[in-house]
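All ligand and atom numbering here is 1-based and tracks the order in the structure.
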Amino acid sequence: MSLKVPSIEAPRLGEPFLLTPGPLTTSYDAKAAMLKDWGSWDGDFRRMTQQMRDRLIEMLGSGHENFDCVPMQGSGSFSVEAMLGSFVPKDGKVLVLSNGAYGQRAAKTLTYLKREHIVLDKGDYLPPRGEEVSKILKADEDITHVVAVHCETSSGILNPIEEISDATYKAGRKLLVDSMSAFGAIPIEPNKIKYEAVVSSANKCIEGVPGFGFILARKSALEAAKGNSHSLCLDLHDQWSHMNKTGQWRYTPPTHVLAAFLVALEAHRKEGGVIGRGARYNKNKNTLVSGMRSIGFEALLGERWLSPIIVTFFCPADPRFDFTQFYDLMKSKGFIIYPGKLTVVDSFRIGCIGQMDNQIMLKVVKAAKQSLQEMGVSDASPPTKALDERKRLQS
Ligand SMILES: *Cc1c(COP(=O)(O)O)cnc(C)c1O
């Protein structure tokens, strides 16, 4: 397969690059697609919706025939809530695998939905393992569903979704996956990894603008979801059956966002689909991590758990390092970075997704080096406490 090198054109508008995991830097063409108004009931727009649904299902790869796509208005969390409320029956019980903010949010959502659940809390970044899942499911027969986060964007860890899926289905339970920040760049083929539904959104690896999410679910799960939802607006079964009947979204769709998304989807296809997109992000990540290491920074995660989506770096121990100042210096050089979310040590994050290639990542490293110099930080190595933390991961 020949991969087309994507054209990187954010500077055309003089904007900084968003090194954040969504909203992220989109292409000029995707933005330009929003310069037209669409009638939501019109045949053209209905065809656009269908085209998007077909393409997203196709992207799943082998085994996709049993799936359908239900888009949902709102940010990604609205789609997670729609998935949980629609697929977990009112008398179901959920095991939430949490190692960061998004696992915690899933658990909090279930509390709001009054769905019984327990949480395997692995802290900031330790991966939930298949063995642990097996043990918990064996001990608790009432658990009907497991919820897992594919790439936990708060640390950047790529969770072992395959072994989690194996453990779940070996125990006869069902898996729901938050693949918000991974879908489109990391394969999740139904024939290789079993699950009931996976959720993602417009503004992550497909590189669209924010405004809706989508759930790719087994048709059998969608059929069984009738009457489960706590919410009219977030009822996936209702959105699905209405869309299949009329070709329309229930309630006002984000028309411009969908128009931009179709352009982004086409660029994704041209880049070589999930494999091509993943390859570019991986190269971004490798360039970033080796570059940052070369100027003294350390990444939180070892190779085994690093995702090509976003990387967490420890803040340097040097007292002259100040994150707010570092952020402003990076921004003045054209790069918006992201604060960290670790509770034990100070950190920051740099995203690898969006309209950026490894040449841009080299410039990111150069900007970081200059920013350190401007702050008077000569040594970027983290405090020993941070390195001790990292050791826990490897043991
Ligand atoms: C982005 C993201 C979400 C959704 O966040 P929103 O701010 O609601 O779009 C959920 N889970 C993960 C893993 C994410 O990266």
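- When each of Asp121, Asn159, Asp124 is checked for a side chain to side chain donor-acceptor pair (under 3.5 Å) with Asn99, only Asn159 meets the rule.
- Using a 4.0 angstrom heavy-atom cutoff, Cys151 counts as in contact with ligand 1.
- Under a 4.0 Å criterion applied to the non-hydrogen atoms of Ser181, ligand 1 contributes the atoms 15 (O).
- Of the N and O atoms on the side chains of Lys31 and Thr26, at least one donor lies less than 3.5 Å from an acceptor on the other residue.
- Phe214 and Phe261 have tilted rings, their planes meeting at an angle from 30° to 60° on a 0 to 90° scale.
- When non-hydrogen atoms are compared, ligand 1 lies under 4.0 Å from the side chain of Val149 (C-beta onward) but not from its backbone.
- Closest to atom 11 (N) of ligand 1 among all protein heavy atoms lies Asp178 OD2, 2.6 Å.
- Considering only non-hydrogen protein atoms, atom 10 (C) of ligand 1 sits nearest to Tyr102 CD2, 3.3 Å.
- Evaluated by nearest non-hydrogen atom to atom 7 (O) of ligand 1, the leading choice among Glu81, Met180, Arg105, Lys204 is Arg105.
- Side-chain contact between Phe323 and Phe348 is present, with at least one heavy-atom pair separated by less than 4.5 Å.
- Close contacts of ligand 1 with Gly76, meaning ligand atoms under 4.0 Å from a residue heavy atom, involve 4 (C), 6 (P), 8 (O), 9 (O).
- In terms of protein heavy-atom proximity, atom 15 (O) of ligand 1 is nearest to Thr153 OG1, 2.4 Å.
- Side-chain contact check for Cys315 versus Phe321: some heavy-atom pair is nearer than 4.5 Å.
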